[in-house]
Number of protein chains: 2
Amino acid sequence: MPAPKKPAAESSGTPARGSRSRIQQRNRQIILDAALEVFSTHGFRGATLDQIAAQAGLSKPNLLYYFDSKDAIHRDLLTQLLDTWLDPLRMLDPEGDPQAEIMAYMRRKLEMARDFPRESRLFANEILQGAPRIESFICNDLRHLVDEKAQLITEWTQAGRIAPVDPYHLIFSIWALTQHYADFAAQIRMIRGAQHDPLDGAEPFLAQLYTRLLSP
Amino acid sequence: MPAPKKPAAESSGTPARGSRSRIQQRNRQIILDAALEVFSTHGFRGATLDQIAAQAGLSKPNLLYYFDSKDAIHRDLLTQLLDTWLDPLRMLDPEGDPQAEIMAYMRRKLEMARDFPRESRLFANEILQGAPRIESFICNDLRHLVDEKAQLITEWTQAGRIAPVDPYHLIFSIWALTQHYADFAAQIRMIRGAQHDPLDGAEPFLAQLYTRLLSP
DNA sequence: ATGGATCTTGACTGGATGGTCAAACTTGAT
DNA sequence: ATCAAGTTTGACCATCCAGTCAAGATCCAT
């Protein structure tokens, strides 16, 4: 007897994109989008499959037809997120103008806070809990990239091309300042009033801040 | 028949401190401390009474002898937290030297991140979820205080005593930069290695940053 | 030492929630 | 049109978890 055809577990390896029907592609995406909404505001344990199903407009058993478990949905979201999380920092170009490069990095992160606030909150939730699911990513990929770029920044400071700053704290400051606008958007909205976009005025302020910090 | 004597609900009004026995004082504090540990890392829904009981070294029914419900413990923690959350900003002195006042505010917030990281994470969890339980606090107390201090900063900039900056974003930047060291401590530890204190070097960096930002 | 008040807990309940399953429905290749 | 494969769901189960309860242990004023 052939086991009931589940639409591919694919927990590892290549997605085998072509092997999925249009319906699968569409519904998996709908589910991931709904799950991102729910996980990012309620955290993993705070989210329920019923909430996600309601948000997706599907039945709960139907979610579990497309994903093996609640955990699998969450893992998929995190994997997808981490896949692009490093890109802005990776683009920091050793050949470019130091100050312009760092400003551009800050702007890319700020764009991510504006365009992907739910992803930022998903990440924040994960770190707040001690990063149990993404520890190896942070200790390996992220750490090595940060070490590499910190080295680059140190060279820039030693060459006198930017003011002497601690490169690690510089990077952390960019993370803190940009992600704050996504992670703490609720607070900012309540303080500035709902009519403002939380990010109004953020770019000029951060440009001013880093210009003054980095000018030799 | 007298109803079983629960140790005072006290959900509102004065604690009636003296009315509690030594055992009550002690155990309530043990429970709140354990709950802070658990809620701050797992969030409200992610925490279980069993975890809190284990952390406190008490039985679950015993927790519920001292507090009416899981929610009541959480509410107590938040209330206690909010009670002092505004103090550092409140201390911003209109009569003091503007730059020194803002630097001192940053340092007070950084001290709180160092001394009360669990409280910071409890707060962060709450905001990430949209701040449902503390909306009125943020919309009223916090908002009014921020408006007042933003006004003060504006006066300082108009008097040319500090560089012209957006006062709201200045305040948000202090929150972001200082709380980041508590909320994202797990990430910082993984990147810098466990031997470093996450806050090593933070104070000089932030001093440098705000000195350069604010100097007229 | 004694007794009533305070504290503690094992055993339990009811509801929520992740996950299963078999039957029903839809799709599209022939 | 037909049917096998793919998709959907109502009903169900097992476990987890907040909260209850009544009986037992401890404390402390007298």
Side-chain angles (χ1 to χ4, degrees), chain A residues 1-11 16-32 34-35 38-39 41-77 133, chain B residues 1-11 16-32 34-35 38-39 41-77 133:
Chain A
M1 70 197 73
K5 265 276 187 59
K6 274 256 186 167
E10 168 222 318
S11 27
R17 252 316 173 60
S19 78
R20 283 211 272 269
S21 72
R22 264 196 322 290
I23 293 181
Q24 294 232 2
Q25 293 254 343
R26 188 177 126 272
N27 280 356
R28 281 183 69 95
Q29 202 45 57
I30 287 173
I31 292 169
L32 286 172
V38 178
F39 281 137
T41 59
H42 296 293
F44 179 74
R45 294 237 12 221
T48 71
L49 286 180
D50 288 297
Q51 280 179 290
I52 298 173
Q55 177 81 28
L58 298 171
S59 68
K60 182 171 63 166
N62 210 1
L63 295 200
L64 294 164
Y65 173 74
Y66 289 103
F67 292 89
D68 284 344
S69 63
K70 179 185 181 183
D71 211 83
I73 302 176
H74 192 252
R75 244 197 324 278
D76 244 47
L77 279 176
R133 301 158 203 270
Chain B
M1 66 194 73
K5 264 277 186 59
K6 274 255 184 170
E10 167 224 316
S11 28
R17 256 298 172 72
S19 77
R20 284 210 272 268
S21 72
R22 264 196 322 289
I23 293 181
Q24 293 234 2
Q25 293 254 340
R26 188 177 126 273
N27 281 354
R28 281 183 68 95
Q29 201 47 57
I30 286 173
I31 292 168
L32 286 172
V38 177
F39 281 137
T41 59
H42 298 291
F44 179 75
R45 293 240 9 220
T48 71
L49 286 179
D50 287 295
Q51 279 178 288
I52 298 172
Q55 177 80 28
L58 298 171
S59 67
K60 183 171 61 166
N62 210 1
L63 296 200
L64 294 163
Y65 173 74
Y66 290 103
F67 291 90
D68 284 343
S69 63
K70 180 186 181 181
D71 211 84
I73 302 176
H74 192 251
R75 240 198 326 277
D76 245 46
L77 280 176
R133 301 159 202 272

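Every chain is numbered from 1 and lettered A, B, ... according to where its sequence line falls, protein lines coming before strand lines. Just so it is clear, the structure is predicted and the values come from calculations on it, not from any experiment.
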When the distance from [atom1] of [X] to [atom2] of [N] is rounded to whole Å, what number comes out?
X: A:R26; N: C:dT27; atom1: CZ; atom2: C1'; answer: 13 Å
X: A:F67; N: C:dT20; atom1: CZ; atom2: P; answer: 15 Å
X: A:L63; N: D:dG10; atom1: CG; atom2: P; answer: 13 Å
X: B:F44; N: D:dC17; atom1: CZ; atom2: C1'; answer: 12 Å

For the side chain of [X], counting heavy atoms from C-beta on, which of [options] is nearest?
X: B:S59; options: C:dT8, D:dT8, D:dA11; answer: C:dT8
X: A:L49; options: D:dA18, C:dG19, C:dT6; answer: C:dG19
X: B:Y66; options: D:dG6, C:dT17, C:dT8; answer: C:dT8
X: A:L64; options: D:dT8, D:dT20, C:dT20; answer: C:dT20
X: A:P61; options: D:dT9, D:dG6, C:dT8; answer: D:dT9

Next on the checklist: Any non-hydrogen side-chain atom of B:T48 less than 4.5 Å from a side-chain atom of B:K60?
Outcome noted: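 With C-beta onward as the side chain, the pair stays apart.
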
Checklist entry - Do the charged groups of A:R133 and A:D71 touch, with an N to O distance under 4.0 Å? => result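 Here A:R133 pairs with A:D71 in a salt bridge, since their nearest N and O are under 4.0 Å apart.
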
Item to check | Spatial distance of atom CD1 (A:I73) from atom CG (A:L64) [nearest 0.5 Å] | outcome: 6.5 Å

Next on the checklist: Both B:K60 and A:K70 contact DNA chain C. Which one's nearest nucleotide lies toward the 5' end?
Outcome noted: B:K60

Next on the checklist: Could you check whether B:K70 makes a cation-pi contact with B:F44, meaning its NZ or CZ is under 6.0 Å from the centre of the six-membered ring and within 45° of the ring axis?
Outcome noted: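 Yes, a cation-pi geometry holds between B:K70 and B:F44.
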
Checklist entry - So what does B:A53 hit on the nucleic acid, given a heavy-atom distance under 4.0 Å: a base, only sugar-phosphate, or nothing? => result nothing

Checklist entry - Base, sugar-phosphate alone, or nothing: which one does B:R45 contact when heavy atoms must sit under 4.0 Å apart? => result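 Counting heavy atoms under 4.0 Å across all strands, the contact made by B:R45 is with sugar-phosphate only.
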
Item to check | Phosphate contact (C:dC7 OP1 or OP2) by B:Q24 side-chain N/O below 4.0 Å | outcome: yes

